[in-house]
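Here the structure comes first, spelled out in structure tokens, and everything after it is commentary.
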Amino acid sequence: MSDVGKIRIRVPSSVKAGDIIRVRCLVIHPMERIERDAQGKIIDRNYNYITRVTATYLGKPVVAFDLTQSVSENPAFSFALKATAPGPVKVTFVDTHGGKYEGTADIAFA
Amino acid sequence: MGEALTRRTAIGRLGAVGVAVATGALRRPAPAGAQAASPALGLQESVQDGLKRVFGGRPMKDGAAMIKLDVPPIAENGAVVPVNVEVTAPMTPASYVKTIWIVADKNRIPIVAKATLTPESGEAFVGANIRLGETTDVRAVVEQSDGTLLVAKREVKVTVGGCGG
């Protein structure tokens, strides 16, 4: 459990100015599923899963995901962006238990 | 050593209590609990109800020619199914793909994810790993900046379901 919130972001290693690149990111998170009791009734509690993912590049928003419990454990996402200048890609994950996890990766031009 | 550890764990616990109190206070006005965080998503409903609630019966065009929905034809493990959606459409401030919805017809929560794009993306592409409860159609619904809705769907055969409960 201690790994919850660990983020890995992959960007291409050789990027040229103006390229459209694809970024992949992964976060370690349980993404709890809805549980049911023996009668099949949903157990009502605050399930811990990620509801929102936002990605910014050079401070500008690129993509935002709104998620549900139908998304896998340790969710992975990919998105595209246009590399205009070297700089950081920042991805923020927010879960229902108030957890906020951030990861950055730098885009460097070859 | 023992002392330092105890103090550390004690502080850690205090912090956890603080977070719990804060989130509890935030969440109290919304009795829907876990689902309060994203009101437009995450409901248990049929796919027809879900699409109606989100899109309100707006006409959807067949976007099979424009939308490249990349899903495995057979998923051995329904808990992790990679879905990639690519739309061949311009991404300029004047005309771009605004949102991409991923919908799994037979999931208990059919509206799986919503991706909001900006022209900064340069290319309308998103990917995510989703859960599928059973063999089902997966749809990608694309909304363009002018409000046009396009839809494409493909079936994924699931050997072992991943939604549990």
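Note on naming: letters A, B, ... go to the chains in the order of the sequence lines (proteins, then strands), and numbering restarts at 1 for each one. All heavy atoms count here, side chains included; hydrogens, waters and symmetry mates do not. What you see is a predicted model; the values in this text were computed from it and never measured.
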Practice task
Test side chain to side chain contact (heavy atoms under 4.5 Å, CB included) on A:F77 and B:V126 and set out the steps.
Solution key: CA-CA 7 Å; A:F77 305 98; B:V126 290; over 6 Å; no

Exercise for the section: Answer yes if B:V47 and B:L149 sit in the same cluster of Ile, Leu, Val, Met, Phe, Trp and Tyr residues linked by side chain heavy atoms under 4.5 Å apart, and no otherwise. Expected result: yes

Problem - Evaluation steps, side chain to side chain contact (heavy atoms under 4.5 Å, CB included), between B:N84 and A:S78 - result: CA-CA 8 Å; B:N84 287 313; A:S78 33; 3.7 Å; yes

Handout entry: Residue among A:A55, A:A64, A:A83, A:P61 with most heavy-atom pairs under 4.5 Å to chain B
Key = A:A64

Exercise for the section: Treat each ILVMFWY residue as a node, draw an edge where side-chain heavy atoms are under 4.5 Å apart, and state whether A:V53 and A:Y47 are in one component. Expected result: yes

Handout entry: Interface residue of largest heavy-atom contact number with chain B, from A:D37, A:I20, A:I43, A:V94, under 4.5 Å
Key = A:I20

Exercise for the section: Please report the shortest heavy-atom distance between A:S72 and B:V80, naming the atom on each side. Expected result: OG-CA, 3.4 Å

Problem - Step-by-step side chain to side chain contact (heavy atoms under 4.5 Å, CB included) determination, A:I34 to B:I109 - result: CA-CA 10 Å; A:I34 288 176; B:I109 303 172; 4.1 Å; yes

Handout entry: Residue B:E155 excluded, over 12 heavy atoms near CD under 6.0 Å
Key = yes

Handout entry: Verdict with reasoning, B:R131 to A:E73, per side chain to side chain contact (heavy atoms under 4.5 Å, CB included)
Key = CA-CA 9 Å; B:R131 287 179 176 135; A:E73 188 178 338; 3.8 Å; yes

Problem - Joint hydrophobic cluster, A:I28 plus A:V91, side-chain heavy atoms closer than 4.5 Å - result: no

Handout entry: Rounded distance (nearest 0.5 Å) linking atom CD1 of B:I100 with atom CZ of A:F79
Key = 13.0 Å

Exercise for the section: For the pair B:S121 (side chain) and A:L81 (backbone), establish whether a donor and an acceptor sit closer than 3.5 Å, ignoring hydrogens and angles. Expected result: no

Problem - Flag side-chain contact, heavy atom, 4.5 Å: A:T68 against B:I111 - result: no

Completion exercise
Value for OH (A:Y57) from CD (B:E120), rounded to nearest 0.5 Å, stands at 9.5 Å

Problem - A:I42, part contacting chain B, at a heavy-atom distance under 4.5 Å - result: side chain

Exercise for the section: Could you tell me whether A:R22 and B:E123 have a side-chain N and a carboxylate O separated by less than 4.0 Å? Expected result: yes

Completion exercise
Whatever's closer than 4.5 Å to a heavy atom in chain A on B:V81 counts as backbone

Practice task
Tell me whether B:F125 is reachable from A:V15 by hopping between hydrophobic residues (I, L, V, M, F, W, Y) whose side-chain heavy atoms are closer than 4.5 Å.
Solution key: no

Exercise for the section: Using the rule that two of Ile, Leu, Val, Met, Phe, Trp, Tyr join whenever any of their side-chain heavy atoms come within less than 4.5 Å, decide whether B:V138 and A:L67 are in one cluster. Expected result: yes

Exercise for the section: Using side chain to side chain contact (heavy atoms under 4.5 Å, CB included) as the criterion, point out the one residue from B:I102, B:N129, B:V112 that pairs with A:V71. Expected result: B:V112

Problem - Backbone N/O of A:V63 and side chain of B:T116: donor-acceptor pair under 3.5 Å - result: no

Handout entry: Spatial distance of atom CD1 (B:I130) from atom OG (A:S70) [nearest 0.5 Å]
Key = 7.5 Å

Problem - B:R58, CZ: over 12 other non-hydrogen atoms inside 6.0 angstrom - result: yes

